[in-house]
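Structure first, commentary second.
Since the model is a prediction, treat every value here as computed from it, not as a measurement. The chains referred to below are lettered A, B, ... by the order of the sequence lines, with proteins before strands, and numbering in each begins at 1.
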2 protein chains.
Amino acid sequence: MALTMSDVARAAGVSVMTVSNVLNDRPRVGAATRERVLAVVAELGYEIDLTARRLRTGRTGTVALVVPRFDHQYYAELAALLATAFAENGHHLVVEQSNASRENELAAVSPARLRFYDGIVLSAVGLTAEDVTHLRGEVPLVLLGEQDLPEVVDHVMMANAEGARLATEHLLERGSRRIAVLGGARVGDVAGGIGPQRTAGWRAAHRARGLEPPEELVAPVSDHGSGGARGATTELFRRYPDVDAVFAVTDQLAVGALAALHDLGRRVPEEVRVIGFDNLDLLAQVPPGLSTVDPSNAWIVEQTVELLERRIADPAAPAVLRESPVRVVARGSTD
Amino acid sequence: MALTMSDVARAAGVSVMTVSNVLNDRPRVGAATRERVLAVVAELGYEIDLTARRLRTGRTGTVALVVPRFDHQYYAELAALLATAFAENGHHLVVEQSNASRENELAAVSPARLRFYDGIVLSAVGLTAEDVTHLRGEVPLVLLGEQDLPEVVDHVMMANAEGARLATEHLLERGSRRIAVLGGARVGDVAGGIGPQRTAGWRAAHRARGLEPPEELVAPVSDHGSGGARGATTELFRRYPDVDAVFAVTDQLAVGALAALHDLGRRVPEEVRVIGFDNLDLLAQVPPGLSTVDPSNAWIVEQTVELLERRIADPAAPAVLRESPVRVVARGSTD
DNA sequence: CTGAAAGCGCTAACAA
DNA sequence: TTGTTAGCGCTTTCAG
């Protein structure tokens, strides 16, 4: 059986309350008493029961990050950054997986689950606008993700269209004229999310130069893994052999494009330029070096922590939407 | 304020105890009463307070996985598999990060933290043999990782030496004779962990063919990111331009090797073959396709879940060590 | 089959 | 400065 506070109190010859006061650094405890209690705590190896404290105070010292998948490199890198940032604020971070399902995302912010945490950062992909309005005020929550959602909850997102515009402009500037959008959304597809927003940027870059965006080169993917992208790219080049650049809406898709181009014997960047979006650390090294759009993860993390800590402190604070700055990182794949 | 059980009890005109019985599927409740309670629960949207239950019963329904880093693809893929497997056993998985520090690994299995969880899967890299013996029996725990640790705690690991031997044999068989070990450990370095174990397999493969392992081609790395590997590989080829194959002790290091070889203008696999270890999904696609050793993650996950569930049920069960089967996955980088 | 009492380990509020 | 009382929301035990 684990030790309790009264074991410590008995051993130290004080009351339970005094032990509690010492352990919580509350001021009205004599120095000698404090010493004694701490000595006993150390000797016995007592550790406070956070469950009991939580039941009493409602605070846990822990915040959760809910991501669609653990094994998507983008979320993994985000989680690592958030863990460090929250640690600096005295919050412990745990990560849960929603499997990108609306049900799991809702469950993650349910009162039952929330009681484990002081706040939640939810990287949402399945949540609807309707769901979000019902969430309003229930829980200290910061939304992450590229969905268009009602501005009733704090939300940090990327400048998606702008990033896509910059990437496309980068390709146009180097002379590419038949630029495909891998993972793009066709005109009339549902709006919101990365596909549509980034495709909009691709269109904008063309129009800014007086060019008509080649809509036939919008190549949707069925899943966001690299495997699907490989197939989609192969098919794309079969139909349109004159494609001279691929803007993949994520780095993960870009990897699939690189694989397909290798299969097809098309050289990158000499024959086809490739650029991604996300600036994943792991892919910075992959030959010939993947050009990409950097979404400023450090900035995103900084804002997220600030907003969540603020909301924990003041649940009534007005909801804000913040958009991270983006920039192109040019590497070998667009030389 | 959130609803409590007595709110439900009052609304349903029964006692708190009856609500508890219904919600826990305990048998001695009349069908009509059960119906009524469930109806009220649904109508009010009541959710049980797991914190309070845990204080009373000691069970939380949650298990934790502690990994050194969220952003190492290997752990990310492992976490995703474990989440699914535990979900099938009615356990919710959360993931925490230890930053590969001994202190954090110990904190993660402390009684205080453990009280949040029914059990812990600890992917250990900093824990010492001494630490592990003190852990014995304190908590439902399964260790993961390639350290040599006392067999007093359930431990699932890979067949490291065997995998390395197979990878090296695969290279020898294709004609490579100057095979470097990137991330290897020199003779006399501390034993245990992936570097030494996998380097031992590289030696064994050479000796099995009557060849003396070229110890000068053992290339340690300072960090396990791809960046360090890139530098180490460049340096390696500067000193030993005749190296004709690289066995990287992890896929992540192999990516760095590929980058360096690209920088140096050495073609893979024509001039230099490259093989990794871990079989990361993300890298399966990277051109020319990274050959690797598959550590059977599905098997590892299956064993881990089985052992942890067993230990939760029976804390006194004898500790076991299980070693996952390995096999070479040949792709373009060793063609 | 249902309910009342007690208490898990802690801390807020107040009393000494 | 320290101790006492009460109770967070639930479940165990035992009585009805």
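The closest side-chain donor-acceptor pair between A:His155 and A:Glu151, if any, does not fall under 3.5 angstrom. A donor and an acceptor atom, one from each side chain of A:Thr18 and A:Asn21, are nowhere located under 3.5 Å apart.
Contact check, A:Arg26 against C:dA12: a side-chain N or O comes under 4.0 Å of OP1 or OP2. When the side-chain nitrogen and oxygen atoms of B:Thr4 are compared with OP1 and OP2 of D:dC8, none of them lie within a distance under 4.0 Å. For the OP1/OP2 pair of C:dC10 and a distance below 4.0 Å, the side-chain nitrogens and oxygens of A:Tyr46 include at least one atom meeting the criterion. For the OP1/OP2 pair of D:dT11 and a distance below 4.0 Å, the side-chain nitrogens and oxygens of B:Ser20 include at least one atom meeting the criterion. Between B:Asn24 and the phosphate of D:dT11, there is a side-chain N or O to OP1/OP2 separation shorter than 4.0 Å. The phosphate of D:dT2 has neither OP1 nor OP2 within less than 4.0 Å of any side-chain N or O from A:Thr18.
Among the heavy atoms of the strands lying under 4.0 Å from A:Val14 are primed sugar atoms or P, OP1, OP2 only; no base atom is included. As judged by a 4.0 angstrom heavy-atom cut-off over every strand, B:Thr33 is placed among residues touching the sugar-phosphate backbone only.
The separation between B:Asp49 atom CG and D:dG9 atom C1' is 6 Å, rounded to whole Å. Atom-to-atom, CG of B:Asn21 to C1' of D:dT13 comes out at 12 Å; the value is rounded to the nearest Å. Remark: P of C:dT2 and CZ of B:Arg10 are 20 Å apart, rounded to the nearest angstrom. For A:Arg59 and C:dA12, the CZ to P distance is 12 Å, given to the nearest whole Å. As a whole-Å value, the separation of B:Leu55 CG from D:dG7 C1' is 12 Å.
Defining each end axis of the helix from C:dC1-D:dG16 to C:dA16-D:dT1 as the rotation carrying four pairs' C1' atoms onto the next four, with five pairs an end, the two axes are found to diverge by 40° to 10 degrees.
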With a 3.5 Å cut-off and sequence neighbours excluded, list the donor-acceptor pairs that the side chains of residues 80-89 of chain B form with protein atoms.
| from | atom 1 | to | atom 2 | distance (Å) |
| --- | --- | --- | --- | --- |
| B:Thr84 | OG1 | B:Ala80 | O | 3.2 |
| B:Asn89 | ND2 | B:Ala85 | O | 3.1 |

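By the 6.0 Å and 45° rule, A:Arg54 stacks over the aromatic ring of B:Phe116.
In terms of modelled atom types and a separation under 3.5 Å, the side chain of B:Ser296 and the main chain of B:Trp299 share no donor-acceptor contact. Without hydrogens or angle criteria, A:Asn297 side chain to A:Leu78 main chain gives no donor-acceptor distance under 3.5 Å. In this structure, A:Ser101 contributes its side chain and A:Asn104 its backbone to a donor-acceptor pair below 3.5 Å.
When the side-chain contact (heavy atoms from CB on, under 4.5 Å) test is applied to A:Arg53, the partners found at least two apart in sequence or on another chain are A:Asn24, A:Ile48, A:Leu50, A:Thr57. Legend: residues meeting side-chain contact (heavy atoms from CB on, under 4.5 Å) with B:Ala107, ordered by chain and number and at least two apart, are B:Arg113.
When the nearest nucleotides of DNA chain D are assigned to A:Gly30 and B:Ser6 by heavy-atom distance, the more 5′-ward of the two goes with A:Gly30. Checking A:Ala52 against B:Val29, the closest nucleotide of DNA chain C that is more toward the 5' end is the one next to B:Val29.
For the side-chain contact (heavy atoms from CB on, under 4.5 Å) criterion with B:Val40, the lone passing option out of B:Val37, B:Leu44, B:Leu38 is B:Leu44. Here the options are A:Arg311, A:Arg322, A:Gln303, the test is side chain to side chain donor-acceptor pair (under 3.5 Å), and the partner is A:Asp154; only A:Arg311 passes.
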| task | For B:Arg10 and B:Asp7, run salt bridge (charged side-chain N to carboxylate O under 4.0 Å, His left out): C-alpha distance rounded to whole Å, both residues' side-chain angles, the deciding distance at 0.1 Å, then the answer. | result | CA-CA 5 Å; B:Arg10 202 174 315 113; B:Asp7 295 323; 3.6 Å; yes

Look for any protein N or O under 3.5 Å of an N or O in nucleotides 14-16 of chain C and output each such pair with its distance, or none.
none

Atom pairs under 3.5 Å: protein N/O with N/O of nucleotides 4-6 of chain C:
none

